Amino acid sequence: MVEGVTLPDTHATPRLSDIAGQAQVSEATVSRVLNGRAGVAASTRQRVLAALDVLGYERPVRLRRRSAGLVGLVIPELTNPIFPAFAQIIEQSLAGHGYTPVLCTQMPGGATEDELVEQLEERGVTGIVFLSGLHADTRAEPTRYARLASRGVPFVLINGYNDRIDAPFVSPDDGAAARMAVRHLAELGHERIGLAVGPARYVPSRRKAEGFAAALAESFGLSRGQAERRIQHTLFSVEGGHAAATALLDDQGCTGIVCGSDLMALGVVRAARQRGLDVPGDVSVVGFDDSQLIAFTDPPLTTVRQPVQAMATAAVGALIEEIHERGQGRQASPRRTEFVFQPELVVRGSTGPVGA
């Protein structure tokens with residue numbers, strides 16, 4: 001007994017009423033799922049299985065499906081909360097299609113992307129999802145992906161379009177994200193607006209910088225050169241945001257700062273407070289991503305939400321399509337397609353009127 005709530009006996013036979021209530025379906029539907037009968041939609045079946053898991057019951061042996069194959073998920077790291085958010089949804093979507101996800105994380109000094117791909121191929125993966133990988137780096141050699149395709153491994157790439165790679169891409173509209181952040185600050189009366197963003201060699205950074213410059217030209221008539229003086233390229237991290245803020249606050253006198261990630265935004269807030277500045281009283285800050293805990297920062301962060309759910313689901317869908325085409329004996333070369341998703345501005349407490 002915990003706080004008056006009776007926890008289920010995980011070794012007991014699942015009670016249909018409990019599962020039906022959790023899954024918000026009828027007991028008859030739960031019975032059909034537990035007995036492996038037909039006539040239940042895949043999404044409903046997934047809800048019933050999720051209810052079993054949430055309530056702590058073990059799944060009946062008959063419901064333990066055989067995997068349709070392994071799918072690798074290669075991501076940069078797990079310290080930025082946006083990457084685990086993507087990973088969770090991608091893994092759930094893959095599991096819903098019957099595939100077993102294999103998470104591969106790159107860390108400084110650890111395995112490289114090429115080494116991880118080699119290990120995945122040795123294990124006979126059915127496909128690979130790349131998130132913010134070398135495909136997003138304009139200095140990286142793209143032929144590695146052509147070689148991967150020639151070996152018959154389907155893959156999809158998230159965050160970082162590259163016109164030299166023939167594959168499905170999934171991206172947020174980075175330019176639109178920067179423009180909507182600038183417009184929000186301009187509507188609050190800010191004129192000296194800066195951008196803290198990642199290294200210029202990465203496609204998302206370039207697109208955000210281009211959108212930022214276009215927004216400054218539209219709102220204030222600034223030239224490209226004038227806009228570039230308001231852009232600080234650094235690392236996508238708290239420390240990177242802190243370093244960028246030093247230049248934007250001290251040298252440019254910015255009262256509003258747009259950031260390429262939520263972590264960078266937290267670094268900007270920290271730098272502002274170290275200077276005795278109030279956020280948002282003296283400096284307004286806008287992040288990018290809207291990872292799960294960002295609404296609980298001090299102050300709650302205004303940010304541009306990356307549509308993670310839609311992007312992750314689309315990426316898995318594109319990969320499954322590629323896998324099925326190969327399974328049907330179609331050996332056509334991969335198609336270069338970019339699916340672009342619109343971000344959303346989420347206004348919270350880190351932005352306010354200039355000089356408020």
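Every value quoted in this text rests on a predicted model; they were computed, and no experiment measured them. Positions are given from 1 along the sequence.
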- Task: Check the pair Thr234 / Gln232 against side chain to side chain donor-acceptor pair (under 3.5 Å), numbers first and verdict last.
- Result: CA-CA 6 Å; Thr234 179; Gln232 287 295 315; over 6 Å; no
- Message: Between Leu195 and Val286, is there shared hydrophobic-cluster membership here, with clusters defined by ILVMFWY side-chain heavy atoms closer than 4.5 Å?
- Response: yes
- Is Val268 reachable from Phe288 through a run of hydrophobic residues whose side-chain heavy atoms are each under 4.5 Å from the next?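 In one cluster: no.
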- Message: Quick check on Gln292: does its CD atom have over 12 non-hydrogen neighbours (other residues, nucleotides or ligands) under 6.0 Å away?
- Response: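 Open: at most 12 neighbouring heavy atoms sit under 6.0 Å from CD of Gln292.
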For the pair [X] (side chain) and [Y] (backbone), establish whether a donor and an acceptor sit closer than 3.5 Å, ignoring hydrogens and angles.
| X | Y | result |
| --- | --- | --- |
| Thr255 | Val354 | no |
| Asn80 | Phe83 | no |
| Thr44 | Val40 | no |
| Ser284 | Gly352 | yes |
| Thr297 | Pro299 | yes |
| Ser205 | Ala200 | no |

- Ionic contact status for Arg305 with Asp262, cut-off 4.0 Å: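 No, no charged N to carboxylate O under 4.0 Å.
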- Query: Between Arg275 and Asp250, is there a salt bridge with N-O shorter than 4.0 Å?
  - Reply: yes
- Minimum heavy-atom distance between Ala318 and Phe339, given as atom pair plus value: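 Heavy-atom minimum between the residues: CB-CE1, 4.4 Å.
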- Item | Tyr145-Phe130 aromatic ring centre distance below 6.0 Å | yes
- Item | Test item: Leu52 and Leu34 side chains (from C-beta on) under 4.5 Å apart, heavy atoms | yes
- Message: Arg147 vs Ser150, test: side chain to side chain donor-acceptor pair (under 3.5 Å). Steps then yes/no.
- Response: CA-CA 5 Å; Arg147 291 194 296 269; Ser150 70; over 6 Å; no
- Task: Please check if any side-chain donor atom of Thr79 sits under 3.5 Å from a side-chain acceptor atom of Glu77, or the reverse.
- Result: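 Result is yes, a qualifying pair exists.
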- Message: Side chains of His184 and Thr351 only: does a donor on one sit below 3.5 Å from an acceptor on the other?
- Response: yes
